[in-house]
Amino acid sequence: MRIDVLTIFPEYLAPLGQALLGKAAAKGLVEIGVHDLRRWTDDVHRTVDDSPYGGGPGMVMRPEPWGRALAEVRRPGTRLVVPTPAGRPFTQAVAAQWATEPGLVFACGRYEGIDQRAVDDAAAHGPVSEVSIGDYVLAGGESAVLVMVEAVSRFIPGVVGNAESVELDSHADGLLEGPSYTRPAVWRGHEVPPVLLSGDHAAIARWRRAESLRRTADRRPDLLAGVELTAADRAALDA
Ligand SMILES: CN1CCN(Cc2ccc(Cn3ccc4ccc(-c5n[nH]c(N)c5C#N)cc43)cc2)CC1
């Protein structure tokens with residue numbers, strides 16, 4: 001997969017070269033390009049913003065640099081992802097879907113956002129997704145792109161050493177994952193749940209499902225509505 005990021009703060013995306021993703025890039029599992037949008041400005045001051053039509057606070061990013069940058073960076077048909085507080089929710093399912101695509105281009109806005117015409121015009125050259133990573137307001141799209149690239153890359157074979165780990169991620173089965181434990185068996189008087197030391201894999205699987213259901217019911221009851229519960233699940237929730 002090829003991932004390109006357009007931003008006025010390229011150094012903000014330096015973490016993409018670190019850790020799992022950095023290793024994946026070194027192994028050729030993913031190609032990452034970060035591009036300074038100012039490369040496509042047309043004035044000596046390398047201007048990327050201007051006042052909003054209709055008035056209002058702050059500045060809006062001009063369409064021209066985006067149009068020129070996307071024409072050069074985005075291969076026709078490649079999905080353009082535009083982080084925005086007004087976007088559709090970015091979810092694990094969306095990450096899994098995008099991971100099947102040959103490439104992604106991320107447009108990091110700043111100020112009060114990007115002139116909508118730059119986004120609308122991009123739709124003529126491939127799919128465009130305006131997405132939000134959560135119901136809070138950031139200062140720009142770069143943090144959101146770091147989050148989304150990490151979530152998508154976990155689905156690329158070979159990026160996460162243990163493929164089973166991705167299958168057991170929170171939200172993989174629509175639920176939150178339950179608690180995890182490792183040695184020592186007792187730490188500051190806190191014991192690891194005995195079932196995990198029992199070697200009874202069926203009992204362990206039942207316990208883990210029950211803990212996942214209980215945590216989801218407690219912290220994200222909204223997710224339960226989308227999960228088909230068995231009789232055993234209901235019994236675990238009622239326990
Ligand atoms: C007059 N109007 C003008 C717009 N504001 C709304 C507004 C618009 C942009 C910004 C800053 N910003 C610029 C680009 C950009 C991309 C993503 C995100 C973002 N925030 N939160 C998420 N989950 C995000 C994601 N993903 C924020 C961004 C701040 C506030 C209301 C008043």
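If you read the sequence from its start, that first residue is 1, and numbering goes on from there. Whatever order the structure lists them in is the order used to number ligands and atoms, beginning at 1. Side chains included, hydrogens not; waters and symmetry mates left out as well; all remaining heavy atoms used. Note that the coordinates shown come from a computational prediction; the quantities given were computed from them, not determined experimentally.
Between Arg209 and Asp233 there is a salt bridge, since a side-chain N of the basic residue sits under 4.0 Å from a carboxylate O of the acidic one. Using a 4.0 Å cut-off between charged side-chain N and carboxylate O, Asp49 and Arg110 make no salt bridge. The pair Arg214-Glu211 counts as a salt bridge, with a side-chain nitrogen and a carboxylate oxygen less than 4.0 angstrom apart.
Close approach of ligand 1 to Val137 (heavy-atom distance below 4.0 Å) involves ligand atoms 20 (N), 21 (N), 29 (C), 30 (C). Contact atoms of ligand 1 toward Pro83: 16 (C), 17 (C), 26 (N) (distance under 4.0 Å to a heavy atom of the residue).
Judged by distance alone, the side chains of Arg79 and Ser129 do bring a donor and an acceptor atom under 3.5 Å apart.
Protein heavy atom in closest approach to atom 22 (C) of ligand 1: Tyr136 O, 3.4 Å. Of the protein's heavy atoms, Pro85 CD, 3.5 Å lies nearest to atom 18 (C) of ligand 1. Among protein heavy atoms, atom 20 (N) of ligand 1 sits closest to Leu138 N, 2.9 Å. Counting protein heavy atoms only, atom 10 (C) of ligand 1 is closest to Tyr111 O, 3.6 Å.
Side chain of Thr216 to backbone of Leu176: a donor-acceptor contact under 3.5 angstrom is found.
In Phe90, neither the side chain nor the backbone holds a heavy atom less than 4.0 Å from any atom of ligand 1. Using a 4.0 Å cut-off between heavy atoms, Pro52 makes no contact with ligand 1 at all. The part of Ala144 lying near ligand 1 is the side chain, judged by heavy-atom distances below 4.0 Å. Of all the heavy atoms of Thr84, the ones lying under 4.0 Å from any atom of ligand 1 belong exclusively to the backbone.
Under a 4.0 angstrom heavy-atom cut-off, Gly56 registers as lying outside contact with ligand 1. Ligand 1 lies less than 4.0 angstrom from a heavy atom belonging to Val131.
The aromatic rings of Tyr181 and Trp207 sit tilted relative to each other, their planes meeting at an angle between 30° and 60°.
The closest non-hydrogen atom to atom 4 (C) of ligand 1, taken over Met59, Glu112, Met148, comes from Glu112. Around atom 15 (C) of ligand 1, the closest heavy atom drawn from Gly134, Ser143, Pro57, Gly140 belongs to Gly140.
The shortest heavy-atom contact between Arg74 and Ala122 is NH1-O, 2.7 Å. Taking each heavy atom of Ala217 and Leu237 in turn, the nearest pair found is CB-CD2, 3.8 Å.
No N or O atom of Gly109 sits closer than 3.5 Å to an N or O atom of ligand 1.
With sequence neighbours left out, Tyr136 forms a side-chain contact (heavy atoms from CB on, under 4.5 Å) with Ile133, Leu138. Taking the ring-ring contact (aromatic ring centres under 6.0 Å, His included) definition, one finds that Trp98 meets it with Phe90, sequence neighbours left out.
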